[in-house]
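Reviewing the structure listed below.
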Amino acid sequence: MTDNIVKTEDEWKECLTPEEFHILRKEGTERSFSHPLNKEYRPGKYVCAGCETPLFKSDMKFDSGTGWPSFYTTLPGVFETKSDRKLFMQRTEYHCARCGGHHGHVFEDGPDPTGLRYCNNGTALKFIPD
């Protein structure tokens with residue numbers, strides 16, 4: 001992993017769209033089934049919209065039926081987690097380890113081989129086709 005990226009709030013606002021800023025920097029969530037990456041299944045990779053760190057490969061993606069891009073695993077060392085109790089329940093939130101951008105939550109209801117579901121905001125990602 002390359003060096004961490006540290007920017008002021010104003011610097012983030014300059015380089016992100018308002019929607020990206022809301023999700024990546026303010027831990028927002030997009031409406032389910034609203035982002036085109038939910039239906040993206042071409043070969044390629046998904047990178048952080050904040051810093052372009054590679055996060056997922058397309059073969060890690062699956063259709064969870066939730067309306068958000070979902071992955072059963074990640075590339076090694078790309079996320080850090082923290083506990084989230086915002087909706088009056090315990091969830092595990094994950095952020096890009098390089099820029100700190102919020103991506104989503106990980107749940108233990110995914111497919112084999114991990115049993116995990118990384119439920120990611122599409123706005124927090126950029127897709128780069130092979």
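Note that the structure is predicted; figures quoted are calculated from it, not measured. Index from 1, following the sequence.
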Legend entry - More than 12 heavy atoms of other groups within 6.0 Å of K57 NZ: no

Legend entry - Exceeds 12 heavy-atom contacts within 6.0 angstrom, atom CD of E52: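 No, because the 6.0 Å sphere around CD of E52 holds 12 heavy atoms or fewer from other groups.
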
Atom [atom1] in [X], atom [atom2] in [Y]: separation rounded to 0.5 Å?
| X | Y | atom1 | atom2 | answer |
| --- | --- | --- | --- | --- |
| D59 | F62 | CG | CZ | 13.5 Å |
| L24 | C48 | CG | SG | 5.5 Å |
| R25 | K7 | CZ | NZ | 9.0 Å |
| L37 | K61 | CG | NZ | 7.0 Å |
| K39 | D63 | NZ | CG | 5.5 Å |
| F79 | E93 | CZ | CD | 11.5 Å |

Inset, instruction - Report yes if some heavy atom in the side chain of C119 is under 4.5 Å from a heavy atom in the side chain of S64; otherwise report no. - result: no

Legend entry - Sub-4.5 Å side-chain heavy-atom contact between W12 and C99: yes

Inset, instruction - Give a yes or no answer on whether the side chain of W68 reaches the backbone of H35 with a donor-acceptor pair at less than 3.5 Å. - result: no

Inset, instruction - Not counting sequence neighbours, list each pair that qualifies as a side chain to side chain donor-acceptor pair (under 3.5 Å) and has a residue in residues 110-120. - result: Y94-N120, H103-N120, D109-R117

Inset, instruction - If the plane angle is over 60° it's perpendicular, under 30° parallel, otherwise tilted; pick one for H102 and H105. - result: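 Ring orientation of H102 relative to H105: perpendicular.
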
Inset, instruction - On the 0 to 90° scale, with breaks at 30° and 60°, tag the F56-Y46 ring pair as parallel, tilted or perpendicular. - result: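 Correct class here is perpendicular.
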
Minimum heavy-atom distance between [X] and [Y], given as atom pair plus value:
| X | Y | answer |
| --- | --- | --- |
| P43 | F127 | O-CZ, 3.6 Å |
| I5 | C51 | CD1-CB, 3.3 Å |
| T53 | R98 | OG1-CD, 3.0 Å |
| A49 | L16 | O-CD2, 3.9 Å |
| A124 | I23 | CB-CG2, 4.2 Å |
| E108 | L116 | CG-CD2, 4.0 Å |

Inset, instruction - Evaluate the side-chain hydrogen bond (donor to acceptor under 3.5 Å, both in side chains) criterion for residues H95 and E27: first the C-alpha distance (whole Å), next the side-chain angles of each, then the deciding distance (0.1 Å), finally the verdict. - result: CA-CA 9 Å; H95 292 76; E27 298 179 348; 3.0 Å; yes

Inset, instruction - Could you list the residues that satisfy side-chain hydrogen bond (donor to acceptor under 3.5 Å, both in side chains) with R42, not counting sequence neighbours? - result: E40

Legend entry - Pairing residues for E9 by the side-chain hydrogen bond (donor to acceptor under 3.5 Å, both in side chains) criterion, not counting sequence neighbours: K26

Inset, instruction - Check whether L55 and M60 end up in the same hydrophobic cluster, where Ile, Leu, Val, Met, Phe, Trp and Tyr are linked by side-chain heavy atoms less than 4.5 Å apart. - result: yes

